[in-house]
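Everything on this sheet refers to the single structure shown next.
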Amino acid sequence: MPSDSPVIISKPTLKFERAAIKRGAKFVCGVDEVGRGPLAGPVVVSAVILNHRKVPEGLNDSKVLTAAQREALYEKIMASAIVSIVVAPPTIIAQLNILQASLWAMRKAVLGLQVKADHILVDGNKLPKDLPCPGEAIVGGDGRSVSIAAASIVAKVTRDRMCLIMDCEEPQFGFSSHKGYAAPQHLEALTTHGPGRHHRMDFAPCIQAQRMKTIAA
RNA sequence: AGCACAUAUCGA
DNA sequence: TCGATATGTGCT
């Protein structure tokens with residue numbers, strides 16, 4: 001193998017999991033969230049405990065995988081791992097804020113695992129409070145830990161599917177293409193149609209669109 | 001301002 | 001796989 005590639009892209013490994021196990025953990029779970037940034041739709045969090053004897057091949061950061069690869073890996077993960085998925089809808093996001101809603105969903109996902117985790121690996125730099133066991137935050141975690149990578153894939157596929165449903169319900173916004181993010185087409189639809197039932201009414205562009213609607217009325 | 005997370009779009 | 005552009009919130 002060419003050992004002198006200009007850039008070495010390190011793939012996610014079991015390093016963190018092994019370290020935790022060496023310190024006495026039995027069930028290490030990776031946690032990741034998707035859909036934090038968009039103007040509409042839920043935040044989806046997944047917690048995954050991989051079977052270390054059956055780790056699906058090709059696990060990687062969900063950002064470098066194609067949709068087809070994610071779908072394939074999703075099936076393998078669901079068939080071989082312990083998985084918990086939690087959805088935080090826009091109503092929850094508006095009540096807490098986006099960060100608190102994410103942390104809330106993370107803890108709920110961990111608690112929802114059918115096997116109790118005893119060590120948590122969370123993507124990012126923030127840990128949820130009141131976790132039932134030790135945990136660590138890992139910046140860039142979905143590219144460094146296979147467990148977090150697996151969680152990111154499950155969460156991403158789940159949210160993409162929800163966006164398809166949202167697109168059927170409110171075709172005006174084009175959720176299936178931009179996934180609820182602030183793409184030009186989305187912002188335009190937002191001003192012409194006003195916010196729909198999936199929009200996050202605590203996010204600035206939605207508030208703005210709502211104001212326009214109110215003024216026009 | 002820095003950091004983090006979440007993406008989307010286009011191009012090669 | 002790599003760039004470049006862009007949007008969102010929240011903590012320090």
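No experiment lies behind these values; they were computed from the predicted model shown. Proteins come first, then strands; the chains are lettered A, B, ... in the order of their sequence lines, and each starts at number 1.
Within the 3.5 Å criterion, the main-chain N or O of A:G141 finds a donor-acceptor partner in the side chain of A:D123.
Rounded to an integer number of Å, the gap from CZ of A:F203 to C1' of C:dT7 is 11 Å. Atom CG in A:D160 sits about 14 Å away from atom P in B:rA6, given to the nearest Å. A:Q185 has its CD atom 15 Å from the C1' atom of C:dA6, to the nearest Å. Rounded to whole Å, the distance from CG on A:N97 to P on C:dT9 is 11 Å.
Among the atoms of the strands shown, only primed sugar atoms or phosphate atoms (P, OP1, OP2) are found under 4.0 Å from some heavy atom of A:A204. Among the heavy atoms of the strands lying under 4.0 Å from A:P205 are primed sugar atoms or P, OP1, OP2 only; no base atom is included. Contact annotation for A:S177: backbone-only contact, meaning every heavy-atom pair under 4.0 Å involves sugar-phosphate atoms and none involves a base. When heavy atoms are screened at a 4.0 angstrom cut-off, A:D202 is found touching no nucleic acid atom at all. Here A:V64 lies in heavy-atom contact (under 4.0 Å) with sugar-phosphate atoms only.
Between A:H178 and A:H186, the angle of the ring planes stays under 30°, which puts this pair in the parallel group of the 30/60° scheme.
Residues satisfying the side-chain hydrogen bond (donor to acceptor under 3.5 Å, both in side chains) criterion with A:Q208, sequence neighbours excluded, are A:R211. Residues passing the side-chain hydrogen bond (donor to acceptor under 3.5 Å, both in side chains) test with A:S46, sequence neighbours excluded: none.
Aromatic ring centres of A:H198 and A:F173: separated by at least 6.0 Å.
Between B:rU9 and A:K179, no contact under 4.0 Å exists linking OP1 or OP2 to a side-chain N or O.
Each of A:L59, A:V146, A:I148 was checked for a side-chain contact (heavy atoms from CB on, under 4.5 Å) with A:P12, and the lone residue meeting it is A:V146.
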When you compare the protein's N or O atoms with those of nucleotides 1-5 of chain B, which come within less than 3.5 Å of each other, and at what distance?
unit_1, atom_1, unit_2, atom_2, d
B:rA4, O4', A:N125, OD1, 3.2
B:rA4, O2', A:N125, ND2, 3.1
B:rC5, OP1, A:G140, N, 2.8
B:rC5, O3', A:D123, OD2, 3.0
B:rC5, O2', A:R36, NH1, 3.2

